[in-house]
There are 2 protein chains.
Amino acid sequence: MHHEKSRHLSPSLLRLRQAGYKLTEARVVVLNAIEQLGGHVTSAQVLERVSALAPNIGRASVFRTLDLLTRLGIVRPTYIDSSATPRYVLMRDGHHHHIICTSCNKTIEFEDCGLDAIAKTLEERLNVKLTGHLLEFFGVCATCQASIPLHKEERNNP
Amino acid sequence: MHHEKSRHLSPSLLRLRQAGYKLTEARVVVLNAIEQLGGHVTSAQVLERVSALAPNIGRASVFRTLDLLTRLGIVRPTYIDSSATPRYVLMRDGHHHHIICTSCNKTIEFEDCGLDAIAKTLEERLNVKLTGHLLEFFGVCATCQASIPLHKEERNNP
DNA sequence: CGTTTATTGATACTTCGTATTAAATTTTGT
DNA sequence: ACAAAATTTAATACGAAGTATCAATAAACG
Ligand SMILES: [Mn+2]
Ligand SMILES: [Mn+2]
Ligand SMILES: [Zn+2]
Ligand SMILES: [Zn+2]
């Protein structure tokens, strides 16, 4: 990470630097890993990919970086299936929206959210400064609706 | 949990039973714990409260129940501060909305969300059946805006 | 009641994330 | 380009959160 030109930095790296954090190899590689993997990624996936890209990077640094990225709103942890470990998802321009199928745990991303109006209202009403949001819908995807009921809750309703 | 009358059941317990699950002591007590605690609660808090209410209930049952409640959409895990363990929040009628202050991690709940329109659109466009949603805004609360900048990102911007 | 079946409690275990600290890197200023 | 100052890191050992297992129990339902 020696003497790199700032015009070649990804938006995320730029934000990191503008927030006053050093642009270290660990941070750059973690971000690369997340971007390469795409979508919702677990820390385990990030760890694996990072050590493929740069085996020297320590496990603690990966967790530290995930934490930092979260605090800066670059990334957001989300709970998809079991009560286990979170999935991290890149926040594009402060926005992220998806639907989680409660039957198969598939996530469906979508782009449009009419949230700017509400955001503005909240900012005025509560005196807060909003920088991003996560919107999750829960429900049953088309495939799962079509398939034979697999789940007890559906079995018992004839 | 013997022979209880269904008219005295909380909405959550009703949902549990209508989904075909047995109304066990562990489940009832975990739900009581969550409702007593209120707001965003960690599994540790639930464990503690549960063992105060009914010391015989095993730790695994608490986690199993949190899992089940999540799958049924009665409760939703949310990530507030560190990258550690999730906080569970009760979904009231399928809705939950809050603002998380990225500076002090305080959460501000709010009621109104104009999401029914978008929900309907998505249902039609994607053929999904939606049952609930979580909406989180990120930003800086009034108090933190007023206070002297504590964070590096602010220190470095004169 | 008694039968059927889901669920539990106890415990041992795995795994994820963290604390610690000396060493290495990044930044900045000359 | 270089060195000083400050942050960040890698390595490792550690702790705590959640899980697998399974015999024992309790809910549901007639
Ligand atoms: Mn949006
Ligand atoms: Mn809502
Ligand atoms: Zn599905
Ligand atoms: Zn705040």
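Throughout, a chain's letter reflects where its sequence line sits, starting with A, and its residues are numbered from 1. What you are looking at is a predicted structure, and each value in this text was computed from that prediction instead of being measured.
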Could you state the atom-to-atom distance from CZ of A:R27 to P of C:dT25 in whole Å?
15 Å
Can you measure A:F63 atom CZ to D:dC14 atom P for me and round it to whole angstrom units?
19 Å
Does a side-chain N or O from B:T24 land closer than 4.0 Å to OP1 or OP2 of C:dT8, or not?
yes
Between A:D67 (CG) and D:dT7 (C1'), how many Å, whole number?
17 Å
Angle between terminal axes - the helix from C:dG17-D:dC14 to C:dT30-D:dA1, 5 pairs each end, rounded to 10°:
40°
May I have the distance from B:L47 (atom CG) to D:dA16 (atom C1'), rounded to whole angstrom?
12 Å
Pairs in or reaching into residues 41-51 of chain B: which pass side-chain hydrogen bond (donor to acceptor under 3.5 Å, both in side chains), with residues at least two apart or in two chains?
B:Q36-B:R49, B:T42-B:Q45
Would the base of D:dA26 count as contacting B:K22 through its side chain, where contact means a donor and an acceptor less than 3.5 Å apart?
no
Kindly say whether B:R76 contributes a backbone atom to a donor-acceptor pair with the side chain of B:T70 at under 3.5 angstrom?
no
Would one find a side-chain N or O of B:T85 under 4.0 angstrom from OP1 or OP2 of D:dG18?
yes
Do B:I80 and B:I108 share a hydrophobic cluster (ILVMFWY, side-chain heavy atoms under 4.5 Å, transitive)?
no
If only atom types and distance count, is the side chain of B:R27 paired as donor or acceptor with the main-chain N or O of B:L13 below 3.5 Å?
no
Nucleotide nearest B:L23 when distance is taken to its side chain, options D:dA28, D:dT9, D:dG18
D:dA28
Backbone N or O of A:L72 within a donor-acceptor pair of the A:R15 side chain at under 3.5 Å?
yes
Whole-Å distance separating the OH atom of B:Y21 from the P atom of C:dT5
17 Å
Rounded to 10°, tell me the angle between the two end axes of the helix from C:dC1-D:dG30 to C:dT15-D:dA16, each built from five pairs.
40°
Is there a donor-acceptor pair closer than 3.5 Å between any side-chain N or O of A:Y21 and the backbone N or O of A:L23?
no
Let me have the donor-acceptor pairs involving side chains of residues 120-127 of chain A, under 3.5 Å, with sequence neighbours excluded, atom names and distances please.
| residue | atom | partner | partner atom | Å |
| --- | --- | --- | --- | --- |
| A:T121 | OG1 | A:A117 | O | 2.9 |
| A:E123 | OE2 | A:L130 | N | 2.7 |
| A:R125 | NH2 | B:D112 | OD1 | 3.4 |

What integer distance in Å separates A:L68:CG from D:dT7:P?
14 Å
Do the side chain of A:H97 and the main chain of A:L135 share a donor and acceptor less than 3.5 angstrom apart?
no
Measure the acute angle between the ring planes of B:F137 and B:F110, then classify it against the limits of 30° and 60° as parallel, tilted or perpendicular.
tilted
Under the side-chain hydrogen bond (donor to acceptor under 3.5 Å, both in side chains) test, which residues partner A:S61, sequence neighbours left out?
A:R64
If we only count heavy atoms from C-beta on, is the B:D81 to A:R71 side-chain gap below 4.5 Å?
no
Have a look at B:R64 and say if it touches a base, only the backbone sugar-phosphate, or nothing, with a 4.0 Å heavy-atom cut-off.
base
Round to the nearest Å and state the distance from A:E25 atom CD to C:dT27 atom C1'.
17 Å
Is the number of heavy atoms from other residues, nucleotides or ligands within 6.0 Å of CG (B:D93) greater than 12?
no
Under 4.0 Å, heavy atom to any atom of DNA chain D: which of residues 49-61 of chain B qualify?
B:R59, B:A60
Just the rounded figure in Å: distance from P of D:dG18 to CG of B:L66.
9 Å
